[in-house]
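Let me begin by presenting the structure, written as structure tokens, before commenting on it.
Small disclaimer: the values here were computed from a predicted structure and weren't measured. Both counts, for ligands and for their atoms, begin at 1 and track the order of listing.
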Amino acid sequence: EFMSEIKGLSVLEKQIKERLQVGNVIIVPGNSDKYEWVKQEMGKACIAFLKTIVKPESTIAVTGGTSMAAIADVMTPLNKKNSYLFVPARGGIGEKVENQANTIAAEMAKKAKGDYRLLYVPDPLSDSAYESIIEEPSINEILKQIKGSSIILHGIGDAITMAERRKTPESIIEILKTNKAVSEAFGYYFNAEGNVVHKVKTIGIHLEDLGSIEHVITVAGGKSKGQAIASYFKHGKSNLLITDEAAAEQILRDY
Ligand code: BG6
């Protein structure tokens, strides 16, 4: 029975690869909307994969969110000899402390026996604050390290769920609704066709930086995220999607 389950998931992985046009897909059993441990299973799959790609000089950027926090929960040393640098992919973007990229990068580094650098910036930033903050030497230095990442781990959220979680002003939520935003990643909000309909202005990795990052790893699961995942993959760059069975089935059924 165990083998047939494994076989079943590999069929699903192949179907999702084709449907979303993504190079590599890993699916874990279950539905992470219902059970927290399913996120940890995605986390373990992510760490096993990381071990196959890290190089001695790797810098690993991470976004915030509960899926990323679950990876941090189960993080282990990636390699006996080397230590890696963990950095947040972007500034704040309004999450609770435990779900912030800074917190997660520090926790991953501690458990992986690596180093970390943090980025403290308010968000969203006004245009003028943005222009002056990126000139600050301390910010500029960490920004270079972030932009030089060879691996990025990121989540995908349902647009309105994320906007509310970030205490986004009602006027912006209205814009998201009018423009039919369905997904969010890195502070960008996308519609069902995968077009950007709104972005949170903050510093760090932007969508256009993903092209030069060797490994973009997306971790998102749960039946409720099927549409959001499908939307992100319309244009979003990713080399690997780690998801769960419930999200995969939802995508194949409806998107
Ligand atoms: C955020 C990321 O912090 O987590 C987002 O910056 C992502 O890009 C979100 O959409 C996903 O959160 P969760 O809790 O559903 O993993």
If a pair satisfies salt bridge (Lys or Arg N to Asp or Glu O under 4.0 Å) and one of its residues is in residues 171-196, list it, with sequence neighbours excluded.
R166-E184
Closer than 3.5 angstrom, by distance alone: can the side chain of N179 be matched with the main-chain N or O of I175 as a donor-acceptor pair?
yes
Please tabulate, for side-chain N and O atoms in residues 58-65, each donor-acceptor pair with protein atoms closer than 3.5 Å (sequence neighbours left out).
unit_1	atom_1	unit_2	atom_2	d
S58	OG	K55	N	2.8
S58	OG	K55	O	3.0
T63	OG1	G155	N	3.3

With sequence neighbours excluded, tell me which residues meet ring pair (Phe, Tyr, Trp, His ring centres under 6.0 Å) with H198.
Y189
Would V22 and V28 show up in the same hydrophobic cluster when neighbours are defined by side-chain heavy atoms closer than 4.5 Å?
no
Under 3.5 Å: donor-acceptor pair, side chain of Q100, backbone of E95
yes
Residues around ligand 1, heavy atom under 4.0 Å from any ligand atom, sorted by chain and number. Can you pull those?
T63, G64, G65, T66, S67, I93, E95, G155, I156, G157, M162, R165, R166, E184, A185, F186, K225
